[in-house]
Amino acid sequence: MFSLLFYALYHAAKIQIINADNIGTVMLEIKYVRKNLSLVEEALKNRGGHVDLSAFMDIEKGRREILQTLETLQNRRNVVSADIARMKKEGVNAEDLVLEMRDVSARVKELEKQEAEADEAMSRILYTIPNIPHASVPVGKDENDNPELRRVGEPPVFGFEPKAHWDLGEDLRILDLERATKITGARFPLYLGMGARLERALINFMLDTHTEQHGYKEIIPPYIVNRNTMTCTGQLPKFEEDLFKLEGLDYFLIPTAEVPVTNIHQKEILAEDDLPVKFVACTPCFRSEAGSYGKDTRGLIRQHQFNKVELVKLAHPDTSYDELEKLTADAETILKKLGLAYRVITLCTGDMGFSAAKTYDIEVWMPGQGKYREISSCSNFEDFQARRAGIRFRRKGQKGSELVHTLNGSGLAVGRCFAAILENYQQADGSVLVPDALVPYMGGAQRISL
RNA sequence: GGAGGAGUGGCCGAGUGGCUUAAGGCGGCGGUCUUGAAAACCGUUGAGUGUCAAAGCUCCGUGGGUUCAAAUCCUACCUCCUCCGCCA
């Protein structure tokens with residue numbers, strides 16, 4: 001719990017400390033932060049939010065003072081209690097000491113209460129402060145400031161006006177989003193026949209590729225998690241309105257497999273040799289999409305429920321950015337094998353998610369819309385989630401433990417991939433060709449037609 | 001849903017109020033011996049915080065409580081096990 005108070009400050013300091021080629025202790029860094037508060041606030045401001053750390057630092061200072069007094073009294077209590085035990089054994093009257101201790105204990109209790117209050121006050125602030133962007137992340141305001149890193153593949157050329165996937169899907173009777181509204185409401189998927197088969201084929205193709213060729217271990221996690229788990233990965237406490245919560249329980253539907261899978265090793269210390277831990281999981285994802293009314297109202301792009309294959313890594317801090325490149329490449333492999341054109345962009349400081357230190361988005365070409373749309377988001381969270389979740393490792397031959405770095409990325413969002421295949425592989429007659437890589441997963445079918 | 005039982009260090013396990021700074025064992029690490037290994041023997045071995053280093057403080061499922069003093073007593077909750085009932 002105590003370590004939590006360092007997380008923002010530790011990160012902020014690291015930007016400087018990495019440049020100084022000097023990895024110090026957490027304490028050294030918080031001292032550094034005290035002297036460089038404005039630098040920390042600057043880093044956070046680049047994300048678009050204003051964070052006043054001075055209030056936090058005041059509480060932290062008060063807490064240290066409380067702690068000092070508290071520990072002195074605790075020590076007194078421990079020492080004298082041992083004395084009393086000895087005296088009683090020897091039949092000596094210890095009444096004076098007992099009386100003194102009655103008072104000391106009362107003060108200890110009071111100070112413990114104060115310390116707990118200070119802790120809570122600090123946590124309230126800390127848990128709402130986003131991660132500090134990595135030094136290599138471009139400073140920018142919104143998605144318009146995201147630099148493009150590379151383009152791969154050629155968008156297909158059509159001799160006709162390409163249709164949107166929702167029209168293709170409805171016409172081919174493999175998608176029925178209208179009936180889905182009857183069953184539940186807006187923004188829920190209903191796949192039929194070869195559509196359901198294609199979704200399943202994509203899932204199996206992705207899972208097979210990542211497990212057999214990229215070395216990830218397959219996971220089927222719970223789809224419902226508790227509040228603590230949701231807090232560890234950063235969805236809570238700040239973004240509760242984006243989640244579906246179970247009535248009468250403090251449980252939530254997962255918005256991504258990242259949440260349960262990252263938490264598999266919550267509160268554990270791993271061996272250095274075990275790193276990187278690589279997991280892949282396909283789960284349904286549930287998002288309330290609060291505040292996105294009117295956006296992507298048609299089709300599979302923005303749904304309350306969708307399938308996603310997620311890659312998760314617990315990595316060694318020394319190599320986590322190499323792991324981010326590899327993880328991104330693993331996700332790209334799927335698009336390459338499916339023959340889909342895409343580009344990779346680096347999210348700028350203003351467009352990154354709450355927990356991320358650095359994020360690459362992979363965007364697939366959607367002919368129906370004539371633009372690239374996000375199909376994967378690959379991030380390094382450094383030790384932000386690990387600190388909240390208590391995921392540590394021990395360097396060989398060294399005492400103590402250190403936080404791992406966590407990473408994840410979609411590999412890929414299945415529903416959006418489904419949409420991309422319909423739009424990219426559509427034919428003049430309204431049928432859709434099955435990409436070669438998927439044919440074995442489609443029972444040999446090479447085309448979806450009426 | 002009903003009735004019982006149990007949660008202690010990486011693992012097993014002792015401990016029912018005061019030198020417990022958690023016995024002992026297994027595993028791990030280091031050493032002796034050996035050409036090497038095994039066996040045997042000797043030593044060592046939880047985490048967090050704190051410090052130049054230390055001392056100190058906290059942690060025996062979790063939260064409250066009793067007491068000068070709690071792994072140990074009380075209480076609520078969580079998890080697991082056994083039996084009964086129900087169920088895919």
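In the text below, chain A, chain B and the rest are named by the order of the sequence lines, each starting its count at 1. What you see below is based on every heavy atom in this structure, not just the backbone, and it leaves out hydrogens, waters and symmetry mates.
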Between atom [atom1] in [X] and atom [atom2] in [N], what is the gap in whole Å?
X	N	atom1	atom2	value
A:Lys113	B:G63	NZ	P	18 Å
A:Asp119	B:G63	CG	P	12 Å
A:Asp250	B:G63	CG	P	17 Å
A:Arg227	B:U62	CZ	C1'	17 Å
A:Arg392	B:G10	CZ	P	14 Å
A:Leu249	B:C77	CG	C1'	15 Å
A:Glu268	B:G46	CD	P	20 Å
A:Asn75	B:G50	CG	P	18 Å

Does A:Arg107 pair with A:Glu110 as a salt bridge, N-O distance under 4.0 Å?
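No salt bridge links A:Arg107 with A:Glu110.
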Ion pair present between A:Lys358 and A:Glu382, side-chain N to carboxylate O less than 4.0 angstrom?
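Looking at A:Lys358 and A:Glu382, the cut-off is not met.
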Give me the distance, rounded to whole Å, that separates B:G4 from B:G43 when you measure between the P atoms they each carry.
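About 49 Å, rounded to a whole number of Å.
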Please tell me which of A:Glu71 and A:Ile269 maps to the more 5' nucleotide of RNA chain B, matching each residue to the nucleotide holding its nearest heavy atom.
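It is A:Ile269, whose closest nucleotide lies nearer the 5' terminus.
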Using heavy-atom distances to pick each residue's nearest nucleotide on RNA chain B, tell me which of A:Lys109 and A:Ala85 is more 5'.
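Of the two residues, A:Ala85 wins.
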May I ask you to say what [X] touches in the nucleic acid, namely base, sugar-phosphate or nothing, with a heavy-atom cut-off under 4.0 Å?
X	value
A:Arg77	sugar-phosphate
A:Asn78	sugar-phosphate
A:Thr72	nothing
A:Ile84	base
A:Arg76	nothing

Any strand counts, and the cut-off is 3.5 Å on both contacts for Watson-Crick or G-U wobble. Which nucleotide pairs with B:G4?
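The base-pairing partner of B:G4, which may sit in any strand shown, is B:C81.
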Just N and O in the side chain of [X]: are any of them under 4.0 Å from OP1 or OP2 of [N]?
X	N	value
A:Lys267	B:G48	no
A:Ser105	B:U67	no
A:Arg394	B:A47	yes

Enumerate, atom names and distances included, each donor-acceptor pair closer than 3.5 Å involving a side-chain atom of residues 437-450 of chain A, sequence neighbours excluded.
unit_1, atom_1, unit_2, atom_2, d
A:Tyr441, OH, A:Asp208, OD2, 2.7
A:Arg447, NH1, A:Ser431, OG, 2.6

Tell me whether the rings of A:Phe418 and A:Tyr191 are parallel (<30°), tilted (30 to 60°) or perpendicular (>60°).
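Aromatic pair A:Phe418/A:Tyr191 classed perpendicular.
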Check the orientation of A:Phe354 and A:Phe384. Use parallel for under 30°, tilted for 30 to 60°, and perpendicular for over 60°.
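Perpendicular.
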